[in-house]
Amino acid sequence: QVQLVESGGGSVQAGGSLRLSCTASGATSLRRHFMAWFRQRPGKEREGVAAIDKAGTGTLYVDSVEGRFTISRDNAENTVYLQMSSLKTEDTAIYYCAATTWAMVDPLDRHNYNTYGQGTQVTVSS
């Protein structure tokens, strides 16, 4: 099973930007995996933020981040990114990278992913 490691979280003021990265540990390739970013805000369930297909040609976003966040992947570098811009205080959460090889209908449904990273904290202050 693939192991994922996130990085790039931190604290930023509202309106700022951050870029999260997710890599697979060891020699595991992410090429066969559909990838996504989820987040969990305090007191809330984990929600899907953005997803990307295996080739990186198809993406999907939750409405609240559409136009502000961009998911991308570099299969040669075995890395998935989440570029976050125009950050808002409500984007404060722990962000998790996720991977799956399962076929699915809803790429933003957390139940469709069998592997998650340990998470990275993003804090946006006003």
Side-chain angles (χ1 to χ4, degrees):
Q1 186 172 347
V2 64
Q3 291 185 318
L4 305 172
V5 180
E6 302 99 334
S7 61
S11 297
V12 65
Q13 287 194 321
S17 300
L18 281 174
R19 187 176 81 157
L20 306 182
S21 299
C22 171
T23 59
S25 62
T28 304
S29 172
L30 294 179
R31 293 177 183 271
R32 297 189 300 111
H33 295 79
F34 204 105
M35 303 295 297
W37 287 94
F38 288 77
R39 67 184 179 188
Q40 189 159 14
R41 293 179 278 189
K44 303 290 187 180
E45 291 188 348
R46 191 171 298 188
E47 66 169 343
V49 174
I52 188 166
D53 64 13
K54 298 175 186 178
T57 55
T59 58
L60 182 66
Y61 299 92
V62 68
D63 287 348
S64 59
V65 308
E66 183 80 54
R68 299 189 298 121
F69 290 11
T70 302
I71 187 171
S72 62
R73 66 191 299 164
D74 185 337
N75 285 339
E77 294 295 325
N78 222 24
T79 303
V80 178
Y81 302 99
L82 185 68
Q83 177 68 48
M84 305 184 294
S85 302
S86 301
L87 282 161
K88 304 176 181 180
T89 55
E90 52 263 43
D91 294 319
T92 294
I94 300 174
Y95 283 73
Y96 299 89
C97 179
T100 187
T101 56
W102 298 343
M104 56 187 163
V105 173
D106 183 359
L108 295 181
D109 183 343
R110 68 183 189 274
H111 299 102
N112 288 324
Y113 293 82
N114 58 347
T115 302
Y116 285 86
Q118 83 288 352
T120 185
Q121 177 71 47
V122 171
T123 302
V124 184
S125 59
S126 59

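Computed from heavy atoms alone, side chains included, the values below leave out hydrogens, waters and symmetry copies. Please read these numbers as outputs of a predicted model, since none were measured by experiment.
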Single-linkage hydrophobic cluster, 4.5 Å side-chain cutoff, Val62 and Leu82 together: yes
Heavy-atom nearest pair, His111 first then Trp102, reads O-CZ3, 3.7 Å
Taken to the nearest 0.5 Å, the spacing of Ser11 OG from Gln121 CD works out to 7.5 Å
| said: Working note: Arg68 + Asp91, criterion salt bridge (charged side-chain N to carboxylate O under 4.0 Å, His left out); need CA distance, chi angles, decisive distance, verdict. | reply: CA-CA 11 Å; Arg68 299 189 298 121; Asp91 294 319; 2.8 Å; yes
Problem set entry | Beyond-backbone contact of Leu30 with Thr23, side-chain heavy atoms, under 4.5 angstrom | no
Looking at side-chain heavy atoms only, is the closest gap between Thr115 and Thr100 below 4.5 Å?
no
Practice task
With Arg39 as the cation and Tyr96 as the aromatic partner, state whether NZ or CZ is under 6.0 Å from the six-membered ring centre and within 45° of the axis.
Solution key: no
Exercise. Would a distance-only check, ignoring hydrogens and angles, find a side-chain to backbone donor-acceptor pair under 3.5 Å from Thr79 to Asp74?
Worked result: no
Only residue of Asn114, Val80, Thr101 satisfying side chain to side chain contact (heavy atoms under 4.5 Å, CB included) with His33 is Thr101
Looking only at atom types and distance, does a side-chain atom of Ser17 sit under 3.5 Å from a main-chain N or O of Ser85, one as donor and one as acceptor?
-> no
One should read off an interatomic distance between Leu60 CG and Leu108 CG, to the nearest 0.5 angstrom, of 4.5 Å
d(Ile52 CD1, Met35 CE) to nearest 0.5 Å is 9.5 Å
For Val2 and Ala24, the nearest pair of non-hydrogen atoms, with its separation, is CG2-CB, 3.8 Å
OG1 (Thr70) and CZ (Arg19) are apart, to the nearest 0.5 Å, by 11.5 Å
#### Entry: Cation-pi check, Arg110 onto Tyr116 ring (under 6.0 Å, within 45° of axis)
no
Distance col, row Cys97:SG vs Tyr81:OH, nearest 0.5 angstrom, shows 11.5 Å
For this session: Please indicate whether Gln3 has more than 12 foreign heavy atoms, meaning atoms of other residues, nucleotides or ligands, lying under 6.0 Å from its CD.
Result: no
**Item:** Arg73 side chain to Asn78 backbone, donor-acceptor under 3.5 Å
**Value:** no
Here the pair of heavy atoms bringing Ile71 nearest to Trp37 is CD1-CD1, 3.6 Å
Q) Asp53 side chain to Phe34 main-chain N or O, any donor-acceptor pair under 3.5 Å? A) no
Residues Ala36 and Pro107: closest non-hydrogen pair is CB-O, 4.3 Å
Problem - Residues Val12, Thr123; criterion side-chain contact (heavy atoms from CB on, under 4.5 Å); working and verdict - result: CA-CA 6 Å; Val12 65; Thr123 302; over 6 Å; no
Within the distance-only criterion (no hydrogens, no angle test), does the side chain of Arg32 pair as donor or acceptor with the backbone N or O of Lys54 below 3.5 angstrom?
no
Minimal heavy-atom distance between Tyr95 and Leu20, with the atoms involved, is CB-CD1, 3.5 Å
Margin query: Can you tell me how the ring of Phe38 sits relative to the ring of Tyr113, calling it parallel under 30°, perpendicular over 60° and tilted otherwise?
Written below: perpendicular
* Asked: Is the count of non-hydrogen atoms from other residues, nucleotides or ligands lying under 6.0 Å from Glu45 atom CD greater than 12?
  -> no
Whether the side chain of Gln13 engages the backbone of Ser125 through a donor-acceptor N/O pair (distance < 3.5 Å, no angle test) should be reported. no
Closest non-hydrogen contact found for Arg41 with Thr92 is CG-O, 3.1 Å
Notebook entry, point to check: Within a strict 4.5 Å, meaning less than it, do heavy atoms of the Leu18 and Val122 side chains meet?
Noted result: yes
